[in-house]
Amino acid sequence: MDYEIAFDQESNAYRVFTDVEFTAIAEWISDYLNEKETVQRVLQAVNLAEAEGEETLFKHGNFDIVISKEGAAVSRRVDMSQMEDEIKAMFDTQNSFYQASNDGIQAECGLDDLIDMVENWYEILQ
């Protein structure tokens, strides 16, 4: 997986930037892995997944993370409830034509890619 860790002038902080299909992973790392303890817990979960086949679930804000032997899956929930009525109004009488989804953005990557990204991110934080 290609990624870049760079200073974002808008947020005045370092962030992880990736291709579109890995955006949820980059946002999760940038927003929630800001402390040594959090980074260590993620790396421990990766080690448990590799060695024991154990699955670990994390919830950070609107992110749901599953780390398993197969890799890491990150889902970012999106609350569309406030927009649903406005979107349905665009279709006039066809209210059933559109239904808002809270599935959000999802991304997956392998454990090796996750380890590499998290370790490089941790080096930047120090």
Side-chain angles (χ1 to χ4, degrees):
M1 166 186 5
D2 293 331
Y3 66 93
E4 179 182 14
I5 300 173
F7 189 77
D8 182 16
Q9 292 182 347
E10 286 183 26
S11 64
N12 200 28
Y14 281 94
R15 296 193 64 81
V16 178
F17 296 95
T18 62
D19 294 333
V20 174
E21 66 262 42
F22 301 110
T23 300
I25 296 170
E27 288 180 0
W28 165 59
I29 291 173
S30 297
D31 293 342
Y32 289 97
L33 299 188
N34 295 325
E35 298 175 1
K36 182 179 181 178
E37 293 173 354
T38 312
V39 170
Q40 287 176 338
R41 284 200 327 257
V42 169
L43 292 175
Q44 285 175 343
V46 170
N47 288 334
L48 284 172
E50 286 180 324
E52 308 289 329
E54 188 172 314
E55 184 175 279
T56 305
L57 307 172
F58 291 104
K59 287 192 180 287
H60 292 137
N62 58 344
F63 291 91
D64 295 326
I65 303 92
V66 178
I67 298 176
S68 67
K69 196 173 195 172
E70 289 78 34
V74 177
S75 298
R76 179 175 171 247
R77 293 182 307 280
V78 177
D79 183 11
M80 295 291 290
S81 60
Q82 295 179 357
M83 298 299 296
E84 188 171 9
D85 290 337
E86 292 179 36
I87 293 169
K88 283 183 178 180
M90 292 184 337
F91 296 106
D92 292 330
T93 59
Q94 299 179 2
N95 283 342
S96 62
F97 181 75
Y98 179 86
Q99 290 188 322
S101 170
N102 291 334
D103 291 347
I105 303 165
Q106 300 172 347
E108 295 180 358
C109 71
L111 293 178
D112 291 338
D113 287 331
L114 182 65
I115 290 170
D116 183 50
M117 194 181 324
V118 170
E119 286 178 345
N120 288 333
W121 173 249
Y122 182 67
E123 289 176 17
I124 296 291
L125 290 178
Q126 291 188 356

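For reference, positions follow the sequence shown, starting with 1. Quick note: numbers below take in every heavy atom, side chains included, and nothing from hydrogens, waters or symmetry partners.
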Q) How many angstroms lie between atom CG of Leu114 and atom CD of Glu119, to the nearest 0.5 angstrom? A) 9.5 Å
Q) Below 6.0 angstrom between ring centroids: does that apply to Phe22 and Tyr3? A) no
**Q.** Distance in Å, Ile124 CD1 paired with Ser30 OG, rounded so as to fall on 0.5 Å steps
**A.** 11.0 Å
(Q) If hydrophobic clusters are built from ILVMFWY residues whose side chains come within less than 4.5 Å, do Val39 and Val74 share one? (A) yes
Q. So how far is it from Leu111 CG to Ile115 CD1, rounded to the nearest 0.5 Å?
A. 6.0 Å
(Q) To the closest 0.5 Å, what do you measure between CZ (Arg76) and CD1 (Ile25)? (A) 13.5 Å
Q) How close do Tyr14 and Trp121 get, heavy atom to heavy atom, and via which atoms? A) O-CH2, 3.2 Å
Q | Side-chain heavy atoms of Ile29 within contact of Val42, under 4.5 Å | A | no
Q. What are the two closest non-hydrogen atoms of Phe17 and Asp8, and how far apart are they?
A. CZ-CB, 4.1 Å
Q. Does Phe63 share a hydrophobic cluster with Ile105, counting links as ILVMFWY side-chain heavy atoms below 4.5 Å and allowing steps through other members?
A. no
(Q) Membership question, hydrophobic clusters at under 4.5 Å side-chain separation (ILVMFWY): are Phe7 and Leu33 in the same one? (A) yes
Q: State whether the side chain of Asp116 and the backbone N or O of Asp112 hold a donor-acceptor pair below 3.5 Å, judged by distance alone.
A: no
Extract all donor-acceptor atom pairs below 3.5 Å that involve side chains of residues 44-60 and protein atoms in other chains or at least two apart in sequence.
from  : atom 1 : to    : atom 2 : distance (Å)
Asn47 : ND2    : Leu43 : O      : 3.4
Lys59 : NZ     : Asp64 : OD1    : 3.0
His60 : ND1    : Trp28 : NE1    : 2.8

Q: Locate the shortest heavy-atom distance separating Arg15 from Asp31; write the atom from each residue and the value.
A: NH1-OD1, 2.9 Å
Q. For the atom pair CD (Glu35) and OH (Tyr122), what is the distance rounded to the nearest 0.5 Å?
A. 11.0 Å
Q: Considering non-hydrogen atoms only, spot the tightest contact between Gly61 and Arg77 and give its length.
A: O-NH2, 3.0 Å
Q. How long is the span from the OG1 atom in Thr38 to the NZ atom in Lys36, to the nearest 0.5 Å?
A. 12.0 Å
(Q) Between Met117 and Ile5, is there shared hydrophobic-cluster membership here, with clusters defined by ILVMFWY side-chain heavy atoms closer than 4.5 Å? (A) yes
